[in-house]
Amino acid sequence: MSLLLDTQYLEGFVTEEELARCAGPLAAAGEALAAGDGAPKGWRTLPEGFPEPLLRQLADTGRRIRESAEVLLVIGIGGSYLGARAALDFLPKRPGCEVLFLGNSLSPSALAETLARCEGREVAVNVVSKSGTTTEPAIAFRVVLDWMRRRYGSRLRERVWCTTDPSGGALRSLCEEEGFGRFEIPRDIGGRFSVLTPVGLLPVAAGGGDIAALLDGAREGQRRYGGPACLENPAARLAAIAALLDRGYPVSLFCSYEPYADSLCQWLIQLYGESLGKDGRGPFPAAARFTTDLHSLGQYIQEGRRMLWETVLSFDPGAGPALTVPPLAAGHDGLDYLTGRPLAEINRAAMLATAAAHHDGGVPVLLIEAGRREERTLGELFYFFETACALTGCLMGVNPFDQPGVERYKQNLFRLLGKPGC
Ligand code: PA5
């Protein structure tokens, strides 16, 4: 099933007339994106053009890692880990390695505690960094290499894979010297658009995910959303909605009623935050898990400052666990009217009740019916949001593919720590 946009809770906030007025600028944004001279736009054609030999190599390496390791340590930050984590948390658990993420902070506790979880278990490592010089993963990689070398000695090279830039980059030379396995991040694909490259696919394969099906979903996404940016194209329609709402609602909240989509919402925060937040513009992206956060943020969303709009990701429970509310002999809790009803039905009722309440409270709500919890759905969603986000940037007049503000902090950190030449 392909995803559907349910716009009923946008009524009163975004009208069809306003959307129709976006048609011209939207088409121009689509053309700008397609032309995009010099822009890193390889992600747009990646699913259809994905090389079969590379797919086989990734699947084989994933299988080898599963057979030889109980834990895969994935070292990376930002676009170099959020997509893999989103996929692994989203997909139902399959036999595979436990994938643990490192190098996404400078916390000594996080590093030490993750390595402690590896004691007594067979470990493999995938370090992911396009530049090879980002401080957090580079430090974590040093610590992990040291630990692995003591553990595996000369067998180290069978257990480490680097995913990095195809030509330059510090990581690439180290990888060549040490004889580690290597995968490339295409030069024309930036970090936050790289989930469907080896950056995301190798950890997913090692974790037991079906990367061929993930790419099939993305191909479906390319067919449905990669064409002309007209209002019939749901990704383009979302871009127009986002650009219209940006005028009065500067906070864009991504939410879901399934904890397995928490990391997907974190991936969306990075995609939208780094792509659109520049030149003093762009929505502030945030995430919430409902119904959990209705008991912490719910009051604010319903009645606080009117500044946010919601994108709700809804999934078809499909073949998920068929839990129902069991009977209770004395019926003390007043829930007898729910006895025998599926939890999935109650969860959906909570979503519809909340969407209506938030809409009535002045919050524009867009529901996305995304399909089942499986690889195809996720592949399509990745492509859908990458397209929608890039088009929103073009509509808003910002470059969705750079991140000059991230560089500023990196340079300051180098100076503070006394890096020579900074
Ligand atoms: O989206 C991006 O480009 C960034 O978030 C990068 O992925 C992040 O800064 C990590 O960079 P690198 O892969 O070079 O270590």
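First listed ligand is number 1; within each ligand, the first listed atom is number 1. Remember, predicted model here, so these are calculated numbers, not experimental data.
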Test of understanding: with salt bridge (charged side-chain N to carboxylate O under 4.0 Å, His left out), list the residues that count as partners of [X], not counting sequence neighbours.
{"X": "Arg281", "answer": "none"}
{"X": "Arg66", "answer": "none"}
{"X": "Glu184", "answer": "Arg172, Arg182"}

Requested in this report: Taking the six-membered ring for Trp and the full ring for Phe, Tyr or His, determine whether the centres of Phe315 and Tyr257 are under 6.0 Å apart.
Outcome: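 Distance test on ring centres: not under 6.0 Å, no.
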Query - Sidechain N-carboxylate O distance under 4.0 Å for Arg149, Glu178 - result: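 The answer is yes: the pair qualifies as a salt bridge.
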**Report entry** Aromatic plane relationship, Tyr225 with Phe384 - under 30° parallel, 30 to 60° tilted, over 60° perpendicular
**Finding:**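 Perpendicular.
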Query raised in the report: What does the list of residues with a heavy atom under 4.0 Å from ligand 1 look like, ordered by chain and number?
Result: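 Residue list for ligand 1: Ile77, Gly78, Gly79, Ser80, Ser129, Lys130, Ser131, Thr134, Gly191, Arg192, Gln270, Glu274, Gln403, Lys410.
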